[in-house]
Amino acid sequence: MTRWFGAAILCLALLAAGCGGPEDAELTVLAASSTRLALDDAVEAFERESGIDVAVSYAGSQTLAAQVAAGFPADIFISADVVHLERLRADDLVANWTSIASNSLAILVADDNPLGITGLDEVLLRDDLVIVAADPAVPLGAHTERLLVQLGHSLDGDDLRLASLEASAQAVAAKVLDGEADVGFGFLSDGGLDGLQALAIDGPELLYLIALVRDSDAGAQLVSYLQDADTEFAAAGFGPG
Amino acid sequence: MNHVPKTVRILGLIGAALIILPLLGLVSRAPWTQLWSIASTGSVRSAIFLTAVTSIITTCIAVGVGVPLAIVLSERSDGWRRILRALVTLPIVLPPVAGGIALLAAFGRRGVLGRLLEQWFGITLLGTPAAVVIAQLFVSLPFLVVAVDSALQNRDRKIEEAAATLGSSPGRTLRLVTLPGIRPAIVAGATLAWARAVGELGATLTFAGSFPGRTRTVPSSILLLLETDPEAARALAAVLLIVAAAVLIGLRQRWMGVGGYWSSSATSRDR
């Protein structure tokens, strides 16, 4: 009796461990979390059209790249930064990539812009604002740091008195949404979030790149579908790829 | 129980392996030889310094308000005290991120008290070490309260009654009889609270943010280093492991004895 009971528990545990992942879907996509607003819609449309089941897992590009490098069974990787793909190519994990959408840096404020902020110049001049940015360890933060350094500022210096360097683009948006920060350095596409307004910053175009990790017909089909999914991306505030 | 069935033994070993394997993994992969050079680089050193200072301040405040709270709780057992006891121990089981959201709702800029703080004093807590201390207090204070409260409930009250009959005032009895009697519990509770404060991440990120030198503690640094420098992340994790091991060894040998205070109070609480 005891033996059976123990064996049953063991089997259940093994079963549970074995079916926790997204293996049931035909395609597994790892995508930079800032693409979520557009990608959810685009993927849903693709599933309807093709009948192919797709599971998308969102996280920071650097985290996803590490997962791919560690052998996570993914079909497609959408990265917000080319350096991750170059690193994976050096290890022969991806062959090539194309862009599917673009984004740019923006000043995030609450929807009604209670402080009447007009843009980057004002943010850099005023000293009564609570400002957050992303840490340079994540793509958004790296882009933000590059921009600020060009303008003669720094992320961690005392000149801007930033309140926090967050670990992800969503955390920056969340701090502004909560009202904890008056201003955040985020993506233009974050303006698509309820309660947020994004003021464009003149700066470089940031490309989202898509790569096939595991070659398959269904995978190639989704890649070409997303390359032409400009409407979904434009609706969520992204530029064309 | 002389003879433990084989199945129980096997399941028990699986349980042990689930805990021990990750620890061994960390020990085997941590860059022990470079530990010092990694720990002394600017950003890591400032994170260690910030964590040390904030966690010690947290522990002092926790003792300062936690012991009085435990005394109030253990005074007698009536309805509102039982409710209060359940409420103040809640953060032990509450996910820290939820704790951070709760802290925002109270002390955030749109929170009940935080709004007044900003209006009256122009204080915003995001990005300040004070916010780190508040987040640490929220998660660690309950550990101290539980330890001291159980010790107070299980104490022998006869000596205090004797002191009272001999004319000792309540304050004097508390100072000279009660508190010395539960000193081991206060030390154990403070140590556990300190260890919890050192490891605090979720509430800190949500409530205090993460800025080098001001709010970026060791756990916050590990989270970011994982993205850029996994070697350094493992080094810092190893430092935390050493701290945790030192806490356990210290507690066992000095104040608890094997199977000592913390474990016995935990079982009496379960009943």
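Lettering follows sequence order; numbering is per chain, from 1.
- Residue B:Leu205 touches chain A through its backbone alone, counting heavy-atom pairs closer than 4.5 Å.
- Heavy atoms closer than 4.5 Å to chain A are found in both the backbone and the side chain of B:Leu126.
- Interatomic distance, A:Gln62 CD to B:Leu224 CG, rounded to the nearest 0.5 Å: 9.0 Å.
- Proximity to chain A involves both the backbone and the side chain of B:Ser210, based on heavy atoms less than 4.5 angstrom apart.
- Note: A:Asp178 leads A:Asp178, A:Leu155, A:Val138 in heavy-atom pairs under 4.5 Å with chain B.
- When all heavy atoms are compared, the tightest approach of A:Ser164 to B:Gly209 is OG-CA, 3.3 Å.
- For A:Ala167, the parts sitting under 4.5 Å from any heavy atom of chain B are the backbone and the side chain alike.
- With a threshold of 4.5 angstrom between heavy atoms, B:Thr128 does not approach chain A through any atom at all.
- Atoms CZ and CD, from B:Phe211 and A:Glu166 in turn, are 11.5 Å apart once rounded to the nearest 0.5 Å.
- Counting non-hydrogen atoms of other residues, nucleotides and ligands closer than 6.0 Å to CZ of B:Arg29 gives a total of 12 or fewer.
- In this structure a side-chain-to-backbone donor-acceptor pair under 3.5 Å is present from A:Glu180 to B:Arg109.
- Put simply, of A:Gly179, A:Ala181, A:Ala137, the one with the most heavy-atom pairs under 4.5 Å next to chain B is A:Gly179.
- No other option in A:Val132, A:Leu165, A:Val130 has as many heavy-atom pairs under 4.5 Å with chain B as A:Leu165.
- For A:Asp182, the parts lying under 4.5 angstrom from a heavy atom of chain B are both the backbone and the side chain.
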